[in-house]
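This report refers to the structure that appears directly beneath it.
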Amino acid sequence: MPDVRLVEVGPRDGLQNEVRPLSVGDRVQMIEGLIGAGLKTIEAGSFVSPKWVPQMAGSAEVLASVSNQDGVSLPMLVPNLKGFEAARDAGATEIAIFASASESFSQKNINCSIDESFERFLPVLEGAREARMRVRGYVSCVLGCPYEGAVELSAVVNVSRRLYDIGCYEISLGDTIGIGTPRAAAAMVIAVAGEVPVTAIALHEHNTYGQALANILACLEEGVSVFDASVGGLGGCPYARGATGNVATEELVFMLEGMGVRTGVDLVKLAHVAVETAQKLGRDPVSPVSRIMAARSVNP
Ligand code: HMG
Ligand code: MG
C-alpha cells in the first residue's frame, strides 16, 4: 500500500492551458501511460464551456476511449449542472467541482461570485448522490490571488468547510499561482484542518515560483497525505496569467520515494510519459527529473 495518494491532474490542469491542443487519441495515450506507471487517480478532462477552454473539448470521447480503467478513478472537472450531466452521460464515476477563496478569481474563472458558485454546486451534488458518483472539491487561491493579492485564511477555511459540508469527500487546496512558501502553506493547512479532517485534505501546488516541493514537504509534516501533481510539470490556469504548471509528478515521486514514502508509481515509466507528452506539445519537458532521465535513457 502506498503511504500517500497522488492525484494526477496532467490530462486536465496540464493540458487546459496549452497553446497546441492535444488530440483525443494523444490524451488517451497519455492517460493510459499514466495508468501503466501506477497512478490510480487521474483527472482525465473537464466539462466546461469549450468557448472558455477549447483544449478540453472531446473530454467525453477521452473518457470513453481509455482502456484498463479497472481499479482506477478518472474524475472529470465540472462547473455546473450542465457539466455534471455531460460527465454523467459520458460514464464518469467521479467528478470535481471548483470554488475559489477569492471573489475576483471566482468571477474571472467561472463568471460568478463564490456564493453563486455554491448555488450551482447544490444540484450537482444532488445529481451526483443519485448517480452514486464521488465528488471532490477544489479551492483556488488558497495562498494568494492573481487579482487580489493576499487572501484571508478565514476565506480559505470557510470555502473549504462549505465544500466539505455539501458532500465533497476531499478538499483540494489550490495554490493556483504557486505563490506560497512552506510556513504559509503549513499554517493554511493547519487552519483548514481545524474545520475539515486532515485525512480529507489534499494539496494542489503550482510551481510558479519553484516552491511546490518545499510546500508539499511542509504540509506532509502536518499530516496531509494526498497531493495533486501534473506529469512533466505541465499546466496552468487560463484565468491566472503567468501561473505555470503543477508540481511535476516525477519530481514529487522522486522526492517522496527518496524519503522512503511509498507512492506506488514507477518513476521510469512516468518519466517516459512526461517526455512523450512534451514531444507531442512541441517542447522540452520542464522538470529536471524527466530531462535528466530522457538524456540518460536509464534509471536514476
Ligand atoms: P457563463 O458564460 O457564465 O455560463 O460561463 P452560462 O451558463 O451563461 O452559459 C453560457 C454558454 O456556455 C451557453 O452556451 C451554455 O450552454 C454554455 P451558448 O448558449 O452561448 O452556446 N455552457 C457550457 N458548455 C459546456 N459545458 C458546460 C457549460 N456551462 C455553460 N459545463 C462557465 C460559466 C462556468 C461555463 C464558464 O465560465 C467556464 O466554462 N469557465 C471555464 C472554467 C475553467 O475551466 N477554468 C479552468 C479550470 S479551474 C482551475 O484550473 C483551478 C484548479 O486547477 C485549482 C487551482 O489550481 O486553483 C481546479
Ligand atoms: Mg490548478
Side-chain angles (χ1 to χ4, degrees), residues 7-18 21 43-60 75-90 92 95-102 104-114 116-121 123-124 127 135-148 151 155-156 159-160 163 168 170-180 185 188 202-208 212 215 227-230 233-249:
V7 176
E8 169 62 48
V9 295
R12 192 278 302 170
D13 208 343
L15 297 181
Q16 72 183 7
N17 204 28
E18 284 295 328
E43 205 168 69
S46 66
F47 290 95
V48 299
S49 164
K51 286 184 194 146
W52 285 58
V53 186
Q55 293 88 338
M56 289 292 102
S59 286
M76 305 299 282
L77 194 75
V78 308
N80 54 17
L81 191 58
K82 188 178 170 87
F84 163 74
E85 287 169 349
R88 183 199 55 202
D89 296 349
I95 54 167
I97 57 176
F98 50 113
S100 170
S102 140
S104 308
F105 187 78
S106 185
Q107 290 289 352
K108 296 276 186 197
N109 194 35
I110 48 175
N111 207 23
C112 66
S113 69
I114 296 170
E116 284 164 345
S117 72
F118 276 86
E119 282 166 28
R120 292 176 181 181
F121 296 154
V124 171
V135 185
R136 194 170 197 249
Y138 281 104
V139 186
S140 285
C141 301
V142 298
L143 292 165
C145 167
Y147 308 102
E148 294 180 12
V151 171
V156 178
V159 173
S160 302
L163 284 171
C168 294
E170 188 166 273
I171 309 302
S172 176
L173 300 169
D175 184 5
T176 315
I177 51 170
I179 193 119
M188 183 274 299
L203 192 68
H204 179 98
E205 275 291 332
H206 284 263
N207 198 32
T208 317
N215 292 345
F227 299 100
D228 300 357
S230 171
L234 292 169
C237 175
Y239 302 101
R241 262 187 82 190
T244 59
N246 295 85
V247 63
T249 317

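Numbering of ligands and ligand atoms starts at 1, following listing order. The basis for the numbers below is simple: all heavy atoms, side chains too, and nothing from hydrogens, waters or symmetry mates.
For ligand 1, the atoms closer than 4.0 angstrom to any heavy atom of Val53 are 41 (C), 43 (C), 44 (O). If you number the atoms of ligand 1 from 1 as listed, the ones under 4.0 Å from a heavy atom of Gly83 come out as 31 (N). Close contacts between ligand 1 and Ser140 involve ligand atoms 51 (C), 54 (C), 55 (C), 57 (O) [criterion: under 4.0 Å to a heavy atom]. For ligand 1, the atoms sitting less than 4.0 Å from at least one non-hydrogen atom of Pro79 are 31 (N), 34 (C), numbered in the order shown with element in parentheses. Residue contact check: His204 has heavy atoms under 4.0 Å from atoms 53 (O), 54 (C), 55 (C), 56 (O) of ligand 1. For ligand 1, the atoms lying closer than 4.0 Å to a non-hydrogen atom of Asn111 are 1 (P), 2 (O), 3 (O).
The part of Asp13 lying near ligand 1 is the side chain, judged by heavy-atom distances below 4.0 Å. Contact annotation for Arg12 and ligand 1: only side-chain heavy atoms (C-beta onward) come within less than 4.0 Å of the ligand. In Val9, neither the side chain nor the backbone holds a heavy atom less than 4.0 Å from any atom of ligand 1.
Looking only at side-chain heavy atoms (C-beta outward), Arg136 and Ser172 come within less than 4.5 Å of each other.
Distances from atom 32 (C) of ligand 1 to the heavy atoms of Asp175, Val142, Leu143, Ile110 put Ile110 nearest. Nearest residue to atom 42 (C) of ligand 1 from Asn109, Asn17, Asp228 is Asn109 (criterion: closest heavy atom).
Checking side-chain atoms of Asn215 against main-chain N and O of Glu205 turns up no donor-acceptor pair under 3.5 Å. The backbone N or O of Cys141 lies less than 3.5 Å from a partner atom in the side chain of Thr176, making a donor-acceptor pair. For the pair Asp175 (side chain) and Leu143 (backbone), a donor-acceptor distance under 3.5 Å is absent. Put simply, the side chain of Thr249 gets close to the backbone of Ser230: a donor and an acceptor are under 3.5 Å apart. In terms of modelled atom types and a separation under 3.5 Å, the side chain of Ser59 and the main chain of Ser46 share a donor-acceptor contact. Between the Gln55 side chain and the Leu15 main chain, no donor and acceptor come within less than 3.5 Å of each other. At least one donor-acceptor pair under 3.5 Å links the side chain of Thr208 to the backbone N or O of Ile177.
In this structure, Lys51 has a heavy atom closer than 4.0 Å to ligand 1. At least one heavy atom of Pro50 sits less than 4.0 Å from an atom of ligand 1. Under a 4.0 angstrom heavy-atom cut-off, Leu77 registers as being in contact with ligand 1.
The shortest N/O to N/O separation between His206 and ligand 1 falls below 3.5 Å. Between Val48 and ligand 1, a contact under 3.5 Å exists for at least one N or O pair.
Geometrically, Arg12 does not engage Phe98 in a cation-pi contact, judged by NZ or CZ lying under 6.0 Å from the ring centre and within 45° of the ring axis.
The nearest N, O or S atom of Asp13 is closer to the Mg ion (ligand 2) than 2.8 Å.
The closest approach of His206 to the Mg ion (ligand 2), by N/O/S atoms, is made by NE2.
With sequence neighbours excluded, the residues that form a side-chain contact (heavy atoms from CB on, under 4.5 Å) with Ser49 are Lys51, Trp52. Applying the side-chain contact (heavy atoms from CB on, under 4.5 Å) test to Glu148 and every residue at least two apart in sequence or in another chain returns Ser102, Glu103, Ser104, Cys145.
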